[in-house]
Colleague: 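One structure coming up, written as structure tokens, with questions to follow.
Here the structure is a predicted model, which is why all the values come from computation and not from measurement.
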Amino acid sequence: MENFLLNCAKEIKFDMNEIGISPTLDGLKKITKNRTSQNNPIITKLVKELNKSSQIKLLTSILCYLMENRYNAKEDDLKDFFNKL
């Protein structure tokens, strides 16, 4: 998951140092693997920034589609998400 987040940050050219996170796998794990990470305002800032990433937007779209079509999701519809890239 951390690698995915790092790739999203690279895509949008977001410098995680700006919010106090080392832009390395180990640096990100120190923040995300903490028990209190759920309430960490730094992670909230990171998520807000990473929402600009096309990868996050794609993941969000797919998850929303799957939730709306819980037992009726169609393979072709899911393929369409990737064909639009």
Colleague: To the nearest 0.5 Å, what is the distance between OG1 on T32 and CG on L5?
Modeller: 7.5 Å
Colleague: Output the distance between atom SG (C8) and atom CG (L58), rounded to the nearest 0.5 Å.
Modeller: 10.0 Å
Colleague: Under the side chain to side chain donor-acceptor pair (under 3.5 Å) rule, collect the residues that match up with S22, sequence neighbours excluded.
Modeller: T24
Colleague: Excluding sequence neighbours, so at least two apart, what forms side chain to side chain donor-acceptor pair (under 3.5 Å) with N7?
Modeller: none
Colleague: Distance check, rounded to the nearest 0.5 Å: S37 atom OG versus L46 atom CG?
Modeller: 11.5 Å
Colleague: Please report the interatomic distance CG(L28) to CG(N3), rounded to the nearest 0.5 Å.
Modeller: 9.0 Å
Colleague: Just jot down the side chain to side chain donor-acceptor pair (under 3.5 Å) partners of D77, sequence neighbours excluded, or say none.
Modeller: Y65
Colleague: Please answer: with hydrophobic residues joined when any side-chain heavy atoms are less than 4.5 Å apart, are F4 and I62 in the same cluster?
Modeller: no
Colleague: Taking only residues at least two apart or on different chains, which pairs with a member in residues 23-50 satisfy salt bridge (charged side-chain N to carboxylate O under 4.0 Å, His left out)?
Modeller: E2-K33, E49-K52
Colleague: Treat each ILVMFWY residue as a node, draw an edge where side-chain heavy atoms are under 4.5 Å apart, and state whether L50 and I42 are in one component.
Modeller: yes
Colleague: Could you state whether L66 and F82 fall into the same hydrophobic cluster, counting links through intermediate Ile, Leu, Val, Met, Phe, Trp or Tyr residues with side-chain heavy atoms under 4.5 angstrom apart?
Modeller: yes
Colleague: Of all heavy-atom pairs between M16 and P23, which one has the smallest distance, and what is that distance?
Modeller: CE-CA, 3.4 Å
Colleague: How long is the straight-line distance from OG of S53 back to CG of L59, given to the nearest 0.5 Å?
Modeller: 9.5 Å
Colleague: Drop me the distance from I12's CD1 to I56's CD1, to the nearest 0.5 angstrom.
Modeller: 8.5 Å
Colleague: Hydrophobic clustering (ILVMFWY, side-chain heavy atoms < 4.5 Å, transitive) - are M1 and L25 grouped together?
Modeller: yes
Colleague: Scan for salt bridge (charged side-chain N to carboxylate O under 4.0 Å, His left out) pairs involving residues 60-74, sequence neighbours excluded, and state none if there are none.
Modeller: none
Colleague: Could you list the residues that satisfy side chain to side chain contact (heavy atoms under 4.5 Å, CB included) with D15, not counting sequence neighbours?
Modeller: N17, E18
